[in-house]
Amino acid sequence: TSPVKPQEKPKATPADPPLPRQNSKTTPPSPPRVIVDQNRQVQYYRVGFLGEGGFARVYEVADGRHSAAQHLACKVVTKSSLKTKKAKTKLYAEIKIHRSLAHPNIVRFQECFEDDENVYMTLELCTSGSLMDMLRRRRRFSECEARFFLVQLIGACHYMHIHQVIHRDLKLGNLFLDSNMNIKVGDFGLAALIENPGERKKTICGTPNYIAPEVLFDTANGHSFEVDTWSIGVILYTLVIGRPPFQTKDVKEIYTRIRDNVYEFPPERRIAPDTKDCITSILTPDPSKRPTLLEILKSPFIELGIVPPFIPVSAHDAPPDFR
Ligand code: ADP
């Protein structure tokens, strides 16, 4: 699913299907083979292509300063896509927020520089793809694995929230994995900084399957940190069931299901009652009644179940045995 284009003026009813962020009029970046950070006098050698999204393309690069070349991810945005003030403000916000965060489960932001053509961001390299890629191979995860990922995700999210950052686009495709199967939250393109206590955000944004009901239906009041908690509930459901709870082909119908809190646990999946209770409590429509991140960590799903100390790399293709 493509992310909803953030809208300046929230609409009363989210009738419009979401638009992809890619601006089709803009040609994607094609950076040189050797990318130069003039100010720091560093050369980065482009060694591979990692992916693209929105206005950006992401490459694997080798940092020329290190003899045993250190590899990084380099996110490239063409300046031609930054002609409007709005596009610039958005990119600056992403950079400002991402570079302020340092946590073991958040993709580390290294440097930011530009040349005549592009803006470059070097990031910690996540070699093992995203949880979405892994879910496609595995179809679904065991409840033990889901517990492991959830604990790391909540750790990262709690860190963001105490630093006044709402991610607003938590989803499997933005949860990258390092070579040891640890989660690294990435893509701060829709993140928001809460600068005054009690401030509410009003921009309708997110990815349809993961959007909290208050973003869509309480536009007068706005939304805050609890939207990330909601997405964590959607993520947990998706990990153990194999597809998002409100998923259907029609985006309007997804929004109706989110509004009416309509989803079910397929009986054949035999999801444990504690797991169901955890998901059901997180997917509480009223954000003020949703559990806090710490309450989720104290839920029977986490407290009474096995949280494996690590996930073996073999889990990429087959369920690990945690007995
Ligand atoms: P956008 O903000 O434009 O959506 P993303 O930050 O999501 O762009 O990156 C687009 C794609 O690039 C991702 O889906 C992923 O495949 C790849 N990618 C992004 N960051 C990294 C990283 N740190 N390590 C490895 N691959 C990455």
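First listed ligand is number 1; within each ligand, the first listed atom is number 1.
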> Would you say Gly51 touches ligand 1, if touching means a heavy atom closer than 4.0 Å?
yes
> Salt bridge check: are Glu124 and Arg108 linked by an N-O gap of less than 4.0 Å?
no
> For the OG atom of Ser130 and the NZ atom of Lys171, what is their distance to the nearest 0.5 Å?
9.5 Å
> Which part of Cys126 is near ligand 1, with near meaning a heavy atom under 4.0 Å away: side chain, backbone, both or neither?
both
> Which part of Glu60 is near ligand 1, with near meaning a heavy atom under 4.0 Å away: side chain, backbone, both or neither?
neither
> Can you find an N or O of Glu94 that's nearer than 3.5 Å to an N or O of ligand 1?
no
> Is it the side chain (CB and beyond), the backbone, both or neither of Val107 that lies under 4.0 Å from ligand 1, heavy atoms counted?
side chain
> Assess Arg147 against Phe301: is NZ or CZ under 6.0 Å from the centre of the six-membered ring, and within 45 degrees of the ring's axis?
yes
> With the threshold set at 4.0 Å, does a side-chain nitrogen-carboxylate oxygen contact exist between Lys79 and Glu114?
yes
> Using distance alone, determine whether Gly53 and ligand 1 share an N or O pair under 3.5 Å.
yes
> Could you work out, for atom 1 (P) of ligand 1, the closest of Leu91, Leu123, Asp187, Thr122 by heavy-atom distance?
Asp187
> To the closest 0.5 Å, what do you measure between CD (Gln164) and OG (Ser224)?
9.0 Å
> Any idea which atoms of ligand 1 are less than 4.0 Å away from a heavy-atom of Ala73?
22 (C), 23 (N), 24 (N)
> Hey, looking at atom 14 (O) of ligand 1, which of Phe109, Phe188, Phe49, Phe176 has the closest heavy atom?
Phe176
> Hey, is Arg138 close enough to Glu145 for a salt bridge, meaning N to O under 4.0 Å?
yes
> Considering only heavy atoms, does Lys184 approach ligand 1 within less than 4.0 Å through its side chain, its backbone, both, or neither?
neither
> Would you verify whether the NZ or CZ of Arg257 falls within 45 degrees of the ring axis of Phe246 while also being under 6.0 Å from that six-membered ring's centre?
no
